[in-house]
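Keep in mind the model is a prediction, meaning the values are calculated, not measured.
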Amino acid sequence: MKKFYIFDMDGTLCDSMEQWRRECIGVSKNTTLSEWESIFDKMREHYRNDVVLKDGVLEFLEKAKQDGIKMCIATATRRDVCEPFLIKTPMAEYMEFFIDCFEAKAFKEKPDIFLKCAERFGAEISECAVFEDSITAAKTAKKIGFYVVGVYDKITCNDGDITPFIDDYVKDWKSFSLLSEAF
């Protein structure tokens with residue numbers, strides 16, 4: 001049994017990718033810090049008012065907690081941006097810690113955030129399952145040896161085929177349990 005779960009947040013635990021994609025229309029390498037801060041302000045409002053947990057997530061987290069699984073969030077979203085969502089949901093009750101790519105000093109095309117999570121848990125990579133909706137992040141985690149669980153998201157599923165980079169797949173949190181190979 002995997003003893004540690006590392007969860008992405010957006011598109012994995014909550015439905016926020018539609019808002020992110022809408023707010024990031026027109027973003028390029030030339031987007032200024034001021035423009036990014038405006039996007040972040042809009043996203044804070046979405047997290048406060050519009051973003052919800054995916055159906056079945058709380059039940060899955062509760063069962064994992066009862067099974068003694070230690071869990072964390074590893075997200076690309078800055079903590080101050082998603083804080084309204086973390087406050088309005090019971091997520092903190094289930095998570096040992098939260099780390100974002102800014103704290104990890106690298107985005108998910110590099111393994112830093114996943115390795116930092118394992119390190120903070122005091123865990124071996126083989127003891128951890130990484131839950132991701134992003135192909136890039138799933139590929140990164142798989143490449144360094146994590147057990148990777150792809151998570152269906154109605155927005156990111158259009159980004160391509162995640163299946164070559166995962167060991168298991170969550171289509172619906174209500175009926176999901178890890179495959180026996182994870183044990």
Side-chain angles (χ1 to χ4, degrees), residues 2-17 19-48 51 57 61 69-87 89 91-151 153 155-156 159-160 162 164-167:
K2 299 299 181 194
K3 300 176 188 175
F4 306 95
Y5 290 173
I6 301 168
F7 291 99
D8 171 54
M9 191 178 71
D10 298 291
T12 298
L13 295 175
C14 66
D15 283 321
S16 56
M17 293 309 298
Q19 289 92 350
W20 272 111
R21 297 272 169 106
R22 184 174 52 245
E23 297 304 339
C24 289
I25 290 172
V27 166
S28 72
K29 63 181 180 176
N30 298 321
T31 300
T32 67
L33 184 57
S34 174
E35 291 168 325
W36 272 114
E37 288 303 327
S38 176
I39 291 169
F40 293 155
D41 286 342
K42 291 174 187 171
M43 283 307 301
R44 279 185 197 92
E45 285 304 307
H46 286 303
Y47 281 117
R48 188 173 290 110
V51 175
V57 162
L61 296 177
I69 306 295
K70 302 293 184 197
M71 298 173 277
C72 73
I73 292 177
T75 180
T77 303
R78 262 180 17 199
R79 184 181 190 102
D80 68 295
V81 175
C82 64
E83 192 79 39
F85 176 75
L86 298 172
I87 290 169
T89 66
M91 296 298 290
E93 296 172 27
Y94 298 98
M95 303 300 161
E96 298 292 313
F97 58 90
F98 173 103
I99 185 170
D100 62 38
C101 288
F102 298 89
E103 182 182 339
K105 297 184 181 7
F107 285 95
K108 292 182 179 179
E109 58 275 344
K110 295 183 179 177
D112 303 44
I113 195 165
F114 303 118
L115 294 171
K116 284 183 185 296
C117 289
E119 182 181 324
R120 277 179 81 172
F121 278 135
E124 298 295 323
I125 289 172
S126 62
E127 297 177 295
C128 302
V130 171
F131 293 77
E132 275 286 352
D133 68 304
S134 158
I135 293 172
T136 299
K139 185 177 183 179
T140 300
K142 185 69 180 163
K143 186 176 180 179
I144 58 172
F146 283 96
Y147 185 88
V148 179
V149 181
V151 179
D153 181 75
I155 303 300
T156 59
D159 295 344
I162 196 172
F165 313 110
I166 62 172
D167 300 291

Original post:
In this structure, which one of Glu127, Glu96, Glu124 forms a salt bridge (Lys or Arg N to Asp or Glu O under 4.0 Å) with Lys3?
Top reply: Glu127
Original post:
Just by distance, do the side chain of Thr140 and the backbone of Lys108 share a donor-acceptor pair under 3.5 Å?
Top reply: yes
Original post:
Which heavy atom of Ile6 sits nearest a heavy atom of Ala74, and at what distance?
Top reply: CG2-CB, 3.7 Å
Original post:
Do Met91 and Leu61 come within less than 4.5 Å of each other through their side chains, counting heavy atoms only?
Top reply: yes
Subject >> Working for side chain to side chain contact (heavy atoms under 4.5 Å, CB included), residues Arg21 and Thr156 >> reply: CA-CA 10 Å; Arg21 297 272 169 106; Thr156 59; 3.7 Å; yes
**OP:** Indicate yes or no for a side-chain donor-acceptor contact from Arg44 to the backbone of Asp80 under 3.5 Å, with no hydrogens or angles considered.
**Re:** yes
Original post:
From Asp8 CG over to Asp133 CG, what is the distance, rounded to the nearest 0.5 angstrom?
Top reply: 5.0 Å
**OP:** Report, as yes or no, whether the 6.0 Å neighbourhood of atom CD on Glu109 holds more than 12 heavy atoms from other residues, nucleotides or ligands.
**Re:** yes
Original post:
Between Thr75 and Leu13, is any pair of side-chain heavy atoms under 4.5 Å apart?
Top reply: no
**OP:** Check whether any side-chain N or O of Thr12 sits under 3.5 Å from a backbone N or O of Met9 as a donor-acceptor pair, and report yes or no.
**Re:** no
Original post:
Hey, does the side chain of Lys2 reach the backbone of Ser126 with a donor-acceptor pair shorter than 3.5 angstrom?
Top reply: yes
**OP:** Please work out whether the ring planes of Tyr47 and Trp20 are parallel, tilted or perpendicular, with thresholds of 30° and 60°.
**Re:** perpendicular
Subject >> pair Cys24-Ile39: side-chain heavy atoms closer than 4.5 Å >> reply: yes
Original post:
Going from CE on Met71 to CD on Glu93, what distance comes out if it is rounded to the nearest 0.5 angstrom?
Top reply: 10.5 Å
**OP:** Taking all non-hydrogen atoms of both residues into account, name the closest pair between Gly150 and Ile162 and its distance.
**Re:** CA-CD1, 4.2 Å
**OP:** Decide, yes or no, whether a salt bridge links Lys116 with Glu119 under the criterion of side-chain N to carboxylate O below 4.0 Å.
**Re:** no
**OP:** Tell me whether the centres of the aromatic rings in Phe107 and Phe102 are closer together than 6.0 Å.
**Re:** yes
Original post:
Can you check whether Met43 reaches Thr77 side chain to side chain, under 4.5 Å on heavy atoms?
Top reply: no
Original post:
Given side chains that start at C-beta, do those of Asp100 and Ile113 come closer than 4.5 Å, heavy atoms only?
Top reply: no
**OP:** Ignoring hydrogens and angles, tell me if any N or O in the side chain of Lys105 forms a donor-acceptor pair with the backbone of Asp112 under 3.5 Å.
**Re:** no
**OP:** From the options Phe114, Phe131, Phe121, Tyr147, select the one residue that forms a ring pair (Phe, Tyr, Trp, His ring centres under 6.0 Å) with Tyr5.
**Re:** Phe131
**OP:** Taking the side chain as every heavy atom from C-beta outward, state whether Phe97 and Cys117 have any pair of such atoms under 4.5 Å apart.
**Re:** yes
Subject >> CZ-NZ distance between Arg22 and Lys42, expressed to the nearest 0.5 angstrom >> reply: 10.5 Å
**OP:** Go through the steps to decide whether His46 and Glu23 satisfy the test side chain to side chain contact (heavy atoms under 4.5 Å, CB included), and finish with yes or no.
**Re:** CA-CA 10 Å; His46 286 303; Glu23 297 304 339; 2.8 Å; yes
Original post:
Where is the tightest heavy-atom contact between Thr31 and Gly26, given as atom of each residue plus distance?
Top reply: OG1-O, 4.2 Å
Original post:
Does the side chain of Lys142 reach to within under 4.5 Å of the side chain of Asp167, using non-hydrogen atoms?
Top reply: yes
Subject >> Any donor-acceptor pair under 3.5 Å from Asp10 side chain to Ser16 backbone >> reply: no
**OP:** Please identify each residue that fulfils ring pair (Phe, Tyr, Trp, His ring centres under 6.0 Å) with Phe98, with sequence neighbours left out.
**Re:** none
